[in-house]
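A quick write-up on the structure given underneath.
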Amino acid sequence: MEETPTAVLPPETSGRDFIRQIIDGDQESDKHAGRVATRFPPEPNGYLHIGHAKSICLNFGVAAEYQGTCNLRFDDTNPLKEDVEYVESIQEDVHWLGFDWADRMYYASDYFEKLYEFAEQLIKDGKAYVCDLSAEEVREYRGTLTEPGKDSPYRQRSVEENLDLFRRMRGGEFPDGSRTLRARIDMASPNINLRDPALYRIRKATHHRTGDRWCLYPMYDYAHALSDWIERITHSLCTLEFEDHRPLYDWCLEALNLPDRPRQIEFARLNLTYTLLSKRKLLHLVTGKYVSGWDDPRMPTIAGLRRRGYTPEAIREFCDRIGLAKRDSVVDVALLEHCLREDLNRRAPRVMAVLDPVKVVLTNYPEGQVEEFDAVNNPEDPSHGSRKVPFSRELYIERDDFREIPPPKYHRLSPGQEVRLRWAYLVRLDEIVKDENGTVTELRCTYDPATRGGDAPDGRKVKSTIHWVSASHSLPAEVRLYDRLFSSPDPDDVPEGKDFLSNLNPESLVVSTTCRVEPGLSQAKALDFFQFERLGYFVADPDSTPERLIFNRSVALRDSWAKIEKKTRGGKP
RNA sequence: UGGGGAGUCGACAAGUGGUAAGUCAGCGGUCUUUGGAACCGCCAAUCGCAGGUUCGAAUCCUGCCUCCCCAGCCA
């Protein structure tokens, strides 16, 4: 008889992504003496969003895995678009996500002097020249995708003249747009980025850090490659659209004959269903007041997700799970929501809150009597303990937890149907009170004193457990029910002549001011998260105070009743 | 019609010549003092297409098709 081999599980069930494979290879060949240095290089011209989180987790994650470093570097080479508001929010967001750059926070603008010296070097080596062509002329000279460009008439200027002109450009002698410094590469290159790209442009603008010291600003390709080199970056990770720029990135380093060069590697940026991740469009949503600001809980910004109740843990887990590759893809936003539920299910204290209250009177419960029940804080984790919840003759339950005429498979309160009030008693409905409009105003029930705590001594079962709050002890609260900002999986998928605004979900925010929550919630502090039992995960809004409680719905619980209901009534509303 | 990339279940994504992981979604079920969670099961991929090499191809070769990016003095 043969022995069954003992199964040995591999340490990694899933393969390493292509970037880590490359780095593994570099480690093996001892490139950069085994050093790994990455950087996260945002331009401070907007708030960070979930797409940036992917890059942040990658760059900081890789650095940590290889005992390397990851710098935070502001790519602030365009004073017209950048602002300190953004450099501050970016730092806050990266920290909040759980990453630390220690003392390695840099700005491309820190390198302006050095970058300028490099430029003079290029001029001296005949590798760059000052061009007097206007922006429009440059465009004409550049050629097209299928036709080569032609040389600028200024391409053959002498080194002396170039140097003189470049220094005078720095000195502020020439107006904006009148001249550029261009790399002398190849106007016939099939790669348009190599057709003598601009390295410097004149911009008499105040920079958020360097003020008016400069009127000459380096372009991205030039500044980025050299900033990477200055910081001794080994692996420069960026998104796919920069793939075409890699030859220029390499050109800058080679032209200056710099040793120990960083390598640029490109990966696919994150796309999410029902979500827009274009900085331009997000800015438009903010400035056009379609949302309340960059931190509106419907925004995919880190600030928005934070206010929505997303946790750094959930976002990091999401970034781990989406993988890393070079193919364009669109991740289902349900995965993000899943990661949040998964994290919060483990950690969120359970609490009872009634969003749309209807009054319940226990006719056989003594007037004025108050009991306290032990309610488990988190069934997933006994170490969370329990709390006391006050109970009395008049309660509120969810209006949706009652039906006068119950649909098929409806297990909640209805005439003759006994239900459990969570942690309290079994109750039975006797009488429905309505106002003149036929609206139910009160449900008169009887409770079974023998079922204290929720269990029947005779062992009888109920089909449903519903949540409740004591009418007199509960607190009023405002609850903001958030949903997806866009109603289409692809917000940019619009009919002719319309734009993404036409896909805005009119029900992305529903405010309810009539909610009642259990008294313990008065202590909720900004960003404290909870599970409102049977409803979803909610977070205390930063604007919430003990006098005016405000909770945001982060994500609803999975709702299998909703599915049953939809199915049994054939999807009709 | 130039250049640079990419095509593996509905969505992500492993797989690197040895006979297609996993996750999300979806669908059943068990259990349950949350119609939650957990657990079990199902689900689906002739690996873009067509040829070729090979005992054997998602992996190698050839041709084709489709999609994405590039003509800012933005990043």
Side-chain angles (χ1 to χ4, degrees), chain A residues 12-17 21 41-43 45 75-78 80-82 131 133-135 138-139 142-149 176-182 189-195 197-203 217 219-221 223-224 238-247 266 268 273 279-280 321-339 341-342 345-346 350 352 375-376 379-380 409-412 420-424 426 453-455 461-467 489 531-536 556-565:
Chain A
E12 282 281 339
T13 50
S14 181
R16 294 169 75 64
D17 62 69
Q21 287 179 30
E43 183 189 14
N45 69 341
D75 224 331
D76 55 349
T77 56
N78 185 354
L80 263 25
K81 292 188 176 175
E82 296 152 7
C131 181
L133 254 26
S134 70
V138 167
R139 199 178 315 128
R142 187 157 31 227
T144 68
L145 292 179
T146 51
E147 298 159 317
D176 283 12
S178 61
R179 282 177 232 261
T180 55
L181 181 73
R182 293 227 258 164
S189 172
N191 181 344
I192 290 181
N193 296 119
L194 262 22
R195 317 240 262 232
L199 264 23
Y200 272 92
R201 76 287 216 186
I202 299 171
R203 271 229 207 309
Y217 292 92
M219 298 291 291
Y220 164 82
D221 293 289
H224 199 84
C238 64
T239 44
L240 252 28
E241 67 269 27
F242 294 105
E243 212 150 12
D244 286 345
H245 295 239
R246 193 187 335 129
E266 311 83 13
T273 57
K279 268 193 193 178
R280 205 198 98 241
R321 288 212 205 176
I322 54 178
L324 190 68
K326 294 194 70 155
R327 70 182 81 102
D328 293 309
S329 59
V330 184
V331 175
D332 194 336
V333 73
L335 179 59
L336 214 212
E337 295 170 346
H338 168 83
C339 290
R341 288 194 190 100
E342 185 180 59
N345 176 51
R346 262 190 313 257
R350 287 351 60 151
M352 292 193 284
V376 170
E380 300 297 315
K409 296 181 183 169
Y410 186 86
H411 298 155
R412 285 114 91 152
R420 174 188 297 112
L421 296 178
R422 180 144 234 223
W423 311 120
L426 265 35
D455 282 312
K461 302 287 183 200
V462 289
K463 284 185 172 170
S464 181
T465 300
I466 65 176
H467 59 277
Q531 184 196 101
F532 288 2
E533 290 212 58
R534 305 207 306 129
L535 297 173
L557 248 27
R558 290 187 60 197
D559 187 352
S560 53
W561 162 245
K563 285 178 190 171
I564 294 168
E565 195 178 25

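Within every chain, numbering begins at 1; the chains are lettered A, B, ... in the order of the sequence lines, protein sequences first and strands thereafter.
Across all strands, A/Leu535 comes closer than 4.0 Å to no nucleic acid atom at all (heavy-atom distances). As judged by a 4.0 angstrom heavy-atom cut-off over every strand, A/Glu243 is placed among residues touching the sugar-phosphate backbone only. The residue A/Arg327 sits close to a base: some heavy atom pair falls under 4.0 Å. Nucleic acid contact for A/Val462: none, since no nucleic acid atom lies under 4.0 Å from a heavy atom of the residue.
Here the side chain of A/Thr239 pairs no donor or acceptor atom with the backbone of A/Glu241 at under 3.5 angstrom. Between the side chain of A/Arg341 and the main chain of A/Ala556, a donor-acceptor pair closer than 3.5 Å is present. Listed for the A/Glu342 side chain is no donor-acceptor partner under 3.5 Å among the backbone atoms of A/His338. The main-chain N or O of A/Arg142 is found under 3.5 Å from a side-chain atom of A/Arg195 such that the two form a donor-acceptor pair.
Nucleotides B/U8 and B/U16 have their C1' atoms positioned 14 Å apart, rounded to a whole Å. Look at the C1' atom in both B/A75 and B/C69: the space between them is 15 Å, to the nearest Å. Distance noted for atom P between B/C64 and B/A45: 30 Å (whole Å). Taking the C1' atom of each, B/A50 and B/G7 are spaced 16 Å apart, rounded to whole Å. Comparing the same atom, P, in B/G10 and in B/U54 gives a spacing of 34 Å after rounding to whole Å. Between B/G41 and B/G5, the two C1' atoms lie 41 Å apart (nearest whole Å). Between B/A20 and B/C24, the distance separating the two P atoms is 23 Å to the nearest Å. Distance noted for atom P between B/G48 and B/C42: 26 Å (whole Å).
Rounded to an integer number of Å, the gap from CD of A/Glu147 to C1' of B/G2 is 10 Å. Here the P atom of nucleotide B/A11 and the CG atom of A/Leu336 are 19 Å apart, to the nearest Å. Straight-line distance from the CD1 atom of A/Ile322 to the P atom of B/A14: 11 Å, rounded to whole Å.
Between A/Lys563 and B/C27, a side-chain N or O to OP1/OP2 separation shorter than 4.0 Å is present. OP1 or OP2 of B/G15 has at least one side-chain nitrogen or oxygen of A/Gln21 nearer than 4.0 Å.
Using a 4.5 Å cut-off on side-chain heavy atoms (C-beta onward), A/His467 and A/Leu535 make contact. Using a 4.5 Å heavy-atom threshold, the side chains of A/Thr77 and A/His224 count as separate. Side chains of A/Val376 and A/Trp423 form a contact here, defined as non-hydrogen atoms less than 4.5 Å apart. Between A/Asn78 and A/Arg203 the shortest side-chain heavy-atom distance falls below 4.5 Å. For the pair A/Lys326 and A/Glu243, the minimum side-chain heavy-atom distance is below 4.5 Å.
Base pairing of B/C64 is made with B/G48, judged by Watson-Crick or G-U wobble geometry with both donor-acceptor distances under 3.5 Å. Pair assignment for B/A11 gives B/U23, based on Watson-Crick or G-U wobble hydrogen-bonding distances that are each under 3.5 Å. Of all nucleotides present, none satisfies the Watson-Crick or G-U wobble test against B/A58 with each distance under 3.5 Å. When both distances must be under 3.5 Å, the Watson-Crick or G-U wobble mate of B/G2 is B/C70. Of all nucleotides present, only B/U30 satisfies the Watson-Crick or G-U wobble test against B/A38, with each distance under 3.5 Å. Figure legend. B/C43 is base-paired to no nucleotide; pairs are counted as Watson-Crick or G-U wobble with both atom distances under 3.5 Å.
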In sequence, state the C-alpha distance, the side-chain angles, and the governing distance for A/Ile192 and A/Asp244, and then conclude on side chain to side chain contact (heavy atoms under 4.5 Å, CB included). CA-CA 9 Å; A/Ile192 290 181; A/Asp244 286 345; over 6 Å; no
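Remark: A/Glu266 engages A/Arg246 in a salt bridge, criterion side-chain N to carboxylate O under 4.0 Å.
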Walk along nucleotides 35-47 of chain B from 5' to 3' and tag each nucleotide B, S or - by protein heavy-atom contact under 4.0 Å, base first, then sugar-phosphate. BBS----------
Taking protein heavy atoms under 4.0 Å as touching, what does nucleotides 68-75 of chain B look like 5' to 3' if B marks base contact, S marks sugar-phosphate-only contact and - marks none? SBBBSBSB
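Base orientation for B/G15: anti, the chi torsion being more than 90° from 0.
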